[in-house]
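For the numbers below, each heavy atom of this structure counts, side chains included, while hydrogens, waters and symmetry mates do not. Lettering of chains follows the sequences in order, A, B, ..., and the numbering in each one begins at 1.
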Amino acid sequence: MTDNELLSSFFDQARQPVADDGFTNRVMSRLTASSEVARLRRLRRTANIVAIVAMTALAAFILATRPPAIDIAAMHLDAATLVVRAVLLVRQLPQMLPSLAQCVALMAVLAIVTHQSLRTQNAP
Amino acid sequence: MNTLTDIALTAQVAAFGSQRAFGLLVQRHQEAVRRTLLRLCQGDAMLADDLAQETFIRAWQGIGGFRQTAGFRTWLLSIAYRVFLDERRRAARYAQQPVADADAAADAPDTLALDIDAAMAVLSDMERTCVTLQCIEGHSIGDIERITGVTANTVKSHLLRGKQKLATYLRNNGYN
């Protein structure tokens with residue numbers, strides 16, 4: 001018997017079928033769970049991005065309109081401290097603004113107020 | 001294997017995220033994937049099944065990467081091979097480990113399963129991979145090249161050496 005015949009005979013006997021035995025169900029269950037986790041991660045990432053944009057819009061609003069109360073507070077803080085506090089506030093925003101709808105509503109309000117404020121400032 | 005149906009099912013998965021279509025693909029290809037991984041894992045059925053599950057999860061997540069230049073099973077086995085290599089890097093327990101230890105012998109359903117793993121243990125990892133893919137799963141040199149990422153000449157070298165070692169082992173152990 002040649003080597004090829006020997007190997008062919010050996011592997012013919014060794015090529016055993018593998019029953020499913022619930023394997024497909026296990027894969028599909030795990031797949032459903034991982035899809036749900038991925039969906040929640042995407043939702044949280046979107047909420048974080050909106051929160052950061054909302055905070056940026058708030059900062060822009062404050063800089064543009066310069067409410068007297070903020071000016072008074074800023075007089076006692078240097079630029080580095082202001083930046084650090086702003087970064088810390090942005091990082092805490094996801095816990096402070098858990099709802100995506102709230103973030104969108106806040107952005108809309110800020111946009112309207114900023115627009116109105118700028119119109120008032122630019123009015124002759 | 002109905003290649004046309006595989007393409008139709010993968011299109012449904014890629015376009016619509018159809019879990020039903022993917023379930024059919026899993027049913028169709030789970031045997032080949034699990035059997036290949038069982039040989040690569042040298043008879044560790046639990047580990048082979050875990051790696052097979054990971055293979056299908058990665059296939060689901062990366063279904064957009066299936067280019068249809070080769071069959072779906074070939075693409076699936078290339079994922080399975082990378083999953084196996086990742087596991088090997090994570091745990092070094094497959095290096096030079098004798099297969100026919102007491103626990104393996106107790107769990108083996110019959111002596112044939114023990115014989116094939118004992119025989120395959122004399123091969124290097126690449127030789128075992130190439131021999132499994134060609135001699136058990138019936139893949140061509142080209143398919144093995146795509147699955148493992150090594151050149152055709154390297155695959156041929158591994159096959160030649162692997163078959164010589166196996167034939168010697170089988171003759172020395174009275175298999176003829």
Side-chain angles (χ1 to χ4, degrees), chain A residues 1-54 90-91 93-95 97-105 107-108, chain B residues 13 17 19-20 22-39 45 48-50 52-61 63 109-117 119-120 131-132 134-138 159-160 162-171 173 175-176:
Chain A
M1 186 181 276
T2 65
D3 284 356
N4 280 340
E5 288 169 344
L6 181 67
L7 291 170
S8 179
S9 169
F10 178 76
F11 283 116
D12 279 345
Q13 296 180 48
R15 197 173 293 113
Q16 295 179 340
V18 178
D20 191 292
D21 279 341
F23 176 82
T24 299
N25 287 338
R26 290 195 294 276
V27 169
M28 299 314 292
S29 296
R30 194 174 149 185
L31 192 148
T32 303
S34 70
S35 295
E36 183 62 18
V37 167
R39 189 186 71 83
L40 290 173
R41 278 189 187 145
R42 281 195 303 271
L43 191 62
R44 180 169 182 164
R45 189 163 55 234
T46 303
N48 287 346
I49 291 171
V50 172
I52 290 170
V53 170
V90 167
R91 289 187 66 179
L93 257 181
Q95 289 86 38
L97 295 171
S99 166
L100 183 60
Q102 289 175 335
C103 294
V104 172
M107 286 180 63
Chain B
V13 175
Q19 292 197 4
R20 188 197 68 85
F22 192 75
L24 291 174
L25 287 169
V26 174
Q27 273 182 352
R28 184 174 300 166
H29 298 286
Q30 59 85 25
E31 183 175 359
V33 171
R34 290 166 72 196
R35 190 167 48 215
T36 301
L37 285 169
L38 182 63
R39 294 283 81 84
D49 268 15
D50 283 345
Q53 285 191 36
E54 179 65 23
T55 298
F56 284 106
I57 297 296
R58 288 196 194 181
W60 164 262
Q61 292 169 344
I63 197 72
D110 53 51
T111 56
L112 181 58
L114 185 60
D115 286 344
I116 188 172
D117 290 318
M120 297 287 253
V131 167
T132 298
Q134 187 190 61
C135 299
I136 298 180
E137 300 302 324
L159 282 170
L160 182 63
K163 287 177 181 178
Q164 285 173 346
K165 287 183 185 177
L166 269 176
T168 302
Y169 175 88
L170 291 174
R171 289 189 198 282
N173 286 272
Y175 186 90
N176 48 25

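Note that CG of D3(A) is 6.5 Å distant from OG1 of T168(B), once rounded to the nearest 0.5 Å. If you take CG on N25(A) and CD on Q27(B), they are separated by 8.0 Å, rounding to the nearest 0.5 Å. Rounding to the nearest 0.5 angstrom, the gap separating the CG atom in L6(A) from the CZ atom in R171(B) is 5.0 Å. Rounded to the nearest 0.5 angstrom, F11(A) CZ and M120(B) CE are separated by 4.5 Å. For the atom pair CZ of F22(B) and CE of M28(A), the computed distance is 6.5 Å after rounding to the nearest 0.5 Å. A distance of 10.5 Å separates CD of Q53(B) from CG of L31(A), quoted to the nearest 0.5 Å.
Heavy-atom minimum distance, D20(A) versus R34(B): O-NH1, 3.3 Å. Residue V18(A) comes nearest to E31(B) through the heavy atom pair N-OE2, 3.1 Å, listed as atom of the first residue, atom of the second, then distance. Scanning all heavy atoms of the two residues, the minimum distance from F10(A) to I116(B) falls at CZ-CA, 3.6 Å. Shown here for R30(A) and D50(B), the closest heavy-atom pair between the two residues is NH1-O, 4.3 Å.
Inspection of the Q19(B) and T32(A) side chains reveals an N or O donor paired with an N or O acceptor under 3.5 Å.
Heavy-atom distances place no part of A32(B) under 4.5 Å from chain A, backbone and side chain included. Looking at S8(A), there are no atoms closer than 4.5 Å to chain B (heavy atoms on both sides), in backbone or side chain.
Looking at heavy atoms from C-beta onward, D49(B) lies in side-chain contact with R26(A) at the 4.5 angstrom threshold.
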